[in-house]
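The block underneath contains the structure these notes are about, expressed in structure tokens.
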Amino acid sequence: MKKLFVATFLFCAATIVPAQSVVTPAIPRDAALEAKIEKTLQKMTLDEKIGQMLELNLDVMGKTNAEGKWELNEAMLDTLISKWKIGSILNAPATRAATVEQWQKWIGLIQKKSIKYTGIPDIYGLDHNHGVTYTQGGTLFPQPINLGASFNTELARIGAEITAYESRAANCPWVYNPVVDLGRDPRWPRIWESFGEDAIVNSKMVVAEIKGYQGDDPNHLGKYHVGTSTKHYFAYGAPWSGKDRTPAYLSPQMLREKYFEPFKAAALAGTLTMMVNSASINGVPVHASYEYLTKWLKEDLQWDGMLVTDWADINNLFTREHVAKDKKDAIRIAINAGIDMSMDPYSVDFCVLLKELVEEGKVPMSRIDDAVRRILRVKYRLNLFDEPNTGGKGYEKFGCDEFAQKSLQAAEEGIVLLKNEGNLLPLTTHSSPLKKILLTGPNANQMRCLHGGWSYTWQGSRAEDLAEKYNTIYEALCNKYGKENIVLEQGVTYNEEKQYFDENEPQIQKAVDAAANVDVIIACIGENSYTETPGNLSDLWLSDNQRNLVKALAKTGKPIILILNEGRPRLIADIEPLATAVVDALIPGNYGGDALANLLAGDANFSAKMPYTYPREINSLNTYDYKVSEEVGTMSGAYNYDAKVSLQWPFGYGMSYTTYAYSNLKVDKAAFTADDVLTVSVDVKNTGSRAGKEAVLLYSSDLVASVVPDNKRLRDFTKIELQPGETKTVTFKLPAKSLAFVGADGQWTLEEGDFILKVGDQTVPTACTKTKVWSTPNI
Ligand code: BGC
């Protein structure tokens with residue numbers, strides 16, 4: 001035993017390589033800009049510095065008048081800025097979208113007073129999350145989960161660029177997006193706000209979006225770009241209970257290898273700010289973690305951006321998390337941990353208490369200066385000192401058709417075809433006689449489930465008056481097939497009075513009766529719009545009413561097309577076999593109805609793939625990168641230990657109206673070491689008769705490792721377009737170090753041994769010939 005220990009020790013010692021040099025700053029510094037920051041900082045009093053660190057909700061400085069119109073209370077705004085010197089304001093009045101003109105007026109006034117009383121412009125922030133959520137008449141895109149399904153990073157970049165333009169048209173320089181929380185638990189109500197369960201998909205998407213939002217130079221953002229707040233740093237998407245803002249318990253390997261990766265990518269891509277996860281990881285609230293906030297981000301990555309809390313989260317350190325005895329204690333913990341700005345929506349207590357803490361020596365002045373430097377840096381980088389207001393002339397494209405077309409394209413590329421027996425689809429408009437359709441289900445004729453949460457309002461629940469001009473699925477199908485060919489009988493509807501998931505008394509028999517005279521049934525099922533806590537569930541199964549509707553309709557013998565329109569995969573294992581075709585529309589946005597009609601009719605081709613694993617049963621909530629020991633058929637011997645991963649549809653699965661053949665998968669190196677870059681190529685041919693786009697996904701499997709390896713891991717992806725009969729060669733450049741894992745000792749490790757690379761149905765072996773263990777936290 002002792003001998004073995006010595007031998008192991010020697011082996012490890014021989015292979016550890018010296019620490020790499022200090023990482024270069026995530027955003028290269030601009031000396032002139034830094035000099036301006038220092039000059040401004042030198043002139044500021046402690047009160048002014050602390051004021052910069054507070055962000056208030058707009059609602060505290062306004063109210064709704066007798067006619068029901070929200071008005072800014074100028075006297076209150078005056079007090080808040082002249083007395084408390086607050087540096088940031090957020091949100092839409094009562095979380096309801098305002099017009100461009102209102103934003104121009106309100107933010108313009110805030111800037112005027114900020115400059116008058118503090119000499120420093122305000123930084124106004126809005127949840128313009130998948131388009132300009134809080135600005136009427138702007139462009140809303142599909143939710144990020146659909147962009148994840150599109151596997152098209154260019155679409156993500158373009159969407160972010162348009163959102164930046166439209167935000168600046170409304171005089172807003174800062175958006176609380178992108179979201180890269182890795183939706184790895186289907187019970188969590190916010191998985192649709194990120195790009196799905198995989199770290200590489202989220203990392204590539206966040207880099208593309210940051211480029212779209214911020215442009216190419218994070219030190220100098222032009223007037224058509226906005227600062228990003230990548231959120232929610234980090235591991236928010238894995239609550240143990242499945243409920244929002246509840247604790248996560250994750251291994252150090254998982255944290256470093258998966259959850260941290262997209263935030264690291266965002267920091268290195270120059271995200272100006274990040275918003276912090278409201279919950280705790282392994283018992284430590286992230287807002288209280290020096291390790292995660294300061295060490296991992298600000299020191300290890302040399303990221304010089306600004307960290308803002310999520311909603312009232314410093315208060316939560318004592319009210320919810322019980323790691324602080326009162327608000328003052330909570331502020332001490334959070335600011336010392338590395339928080340730069342407190343989103344304390346309704347109170348200025350922060351200013352009083354933080355000043356006391358500084359005077360008592362409990363928060364060092366150096367920490368205050370560091371935080372304020374970071375805040376000023378964002379404001380300088382956004383050019384707010386020289387140009388505090390934007391909008392008006394030069395923003396004529398706000399809400400234009402060109403932007404709408406991009407949203408439609410993103411919707412078409414983000415809707416997944418999961419089943420199509422006997423080629424029931426497309427329901428071509430060119431066939432004769434045209435098929436008569438029964439359209440049923442609660443999602444058949446309302447906008448709010450198509451655009452989801454963070455659309456005009458926080459919960460996306462005011463679609464009727466604010467998204468009137470867009471087409472529901474019913475309207476889009478009537479436009480496509482003619483109203484006379486669509487019978488609408490929903491059978492189940494949501495109770496809009498009670499909100500969220502409550503359904504009215506079902507009228508299933510009416511839908512069954514209506515099916516008598518049709519050729520095909522389209523059942524639009526899923527969820528209403530929601531986000532955060534209101535989206536918490538106690539049961540992942542789709543509601544009994546909706547499943548009973550499908551079961552009753554199946555008895556008619558008419559073919560059923562299921563359209564899933566939901567923010568997370570609701571269990572449907574008992575009704576899926578009753579359907580001839582299944583389409584997962586996820587949350588496709590304002591043009592989702594039109595996109596779906598185009599796809600069903602075959603006027604557009606499907607090209608999306610699942611951004612998360614769709615579970616079949618509640619005790620198999622796996623992600624695609626599960627361990628081999630969780631698989632069926634891996635064990636032999638006296639006992640059967642098979643855990644039987646049982647999936648409805650795997651991550652990366654999606655069909656098309658055409659077919660593709662993969663061949664000639666090659667890797668240029670049969671043997672490699674850590675510093676190599678592998679060139680992996682594969683031929684992809686469109687073997688069908690229609691043009692299409694194909695997401696090409698490169699996976700790797702590490703066959704034997706000292707930490708139980710994942711069965712496979714996505715390493716890269718791209719999307720190509722192919723005409724019928726056309727072949728393209730796709731080439732990936734894969735740095736060998738990207739095959740490393742975080743070992744039991746917390747260090748990045750690439751072990752000698754065999755790997756398999758996989759693309760489509762092709763596999764190719766390669767091998768690492770020399771173990772390397774990195775002593776730096778990031779490689
Ligand atoms: C959400 C954030 C959002 C913030 C500001 C919080 O409740 O968790 O995602 O950016 O509110 O509206």
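Numbers here simply count residues along the sequence, with the first being 1. Just so you know, these numbers come straight off a predicted model, no measurement behind them. Atoms within a ligand are numbered from 1 in the order they appear, just like the ligands themselves.
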*Which atoms from ligand 1 have a heavy atom of K231 less than 4.0 Å away?*
2 (C), 3 (C), 9 (O), 10 (O)
*Quick one: which ligand 1 atoms are inside 4.0 Å of a heavy atom on M275?*
2 (C), 10 (O)
*Less than 6.0 Å separating the ring centroids of W454 and Y456?*
no
*asked:* Among all the protein's non-hydrogen atoms, which is closest to atom 3 (C) of ligand 1, and how far away is it?
replied: D127 OD1, 3.3 Å
*Would you call K112 and D122 a salt bridge, using N to O less than 4.0 angstrom?*
no
*Can L90 be said to touch ligand 1, with heavy atoms closer than 4.0 Å?*
yes
*For atom 6 (C) of ligand 1, what's the nearest protein heavy atom and its distance?*
D310 OD1, 2.8 Å
*Hey, does R190 come in under 3.5 Å of ligand 1, counting only N/O atoms on both sides?*
yes
*Do the two ring centres, one from F263 and one from W296, sit under 6.0 Å apart?*
no
*What residue and heavy atom of the protein are closest to atom 7 (O) of ligand 1, and at what distance?*
E532 OE1, 2.9 Å
_Test ring-ring contact (aromatic ring centres under 6.0 Å, His included) applied to F651 - qualifying residues, sequence neighbours left out_ = Y624
*Kindly say whether the aromatic ring centers of W103 and Y134 come within a distance under 6.0 Å.*
no
*Specify side chain, backbone, both or neither for V179, according to which of its non-hydrogen atoms lie closer than 4.0 Å to ligand 1.*
neither
*asked:* Once you restrict to heavy atoms under 4.0 Å, what part of E193 touches ligand 1? Side chain, backbone, both or neither.
replied: neither
_Side-chain donor-acceptor pair present, R568, Y612, cut-off under 3.5 Å_ = no
_Numbering as shown, the atoms of ligand 1 that approach W311 to under 4.0 Å (heavy-atom distance)_ = 6 (C), 7 (O)
*If you measure from each non-hydrogen atom of R245 to ligand 1, which part falls under 4.0 Å: side chain, backbone, both or neither?*
side chain
*For atom 9 (O) of ligand 1, closest protein heavy-atom neighbour*: H232 NE2, 2.7 Å
*Does D185 pair with K243 as a salt bridge, N-O distance under 4.0 Å?*
no
*asked:* Any non-hydrogen side-chain atom of W174 less than 4.5 Å from a side-chain atom of V308?
replied: yes
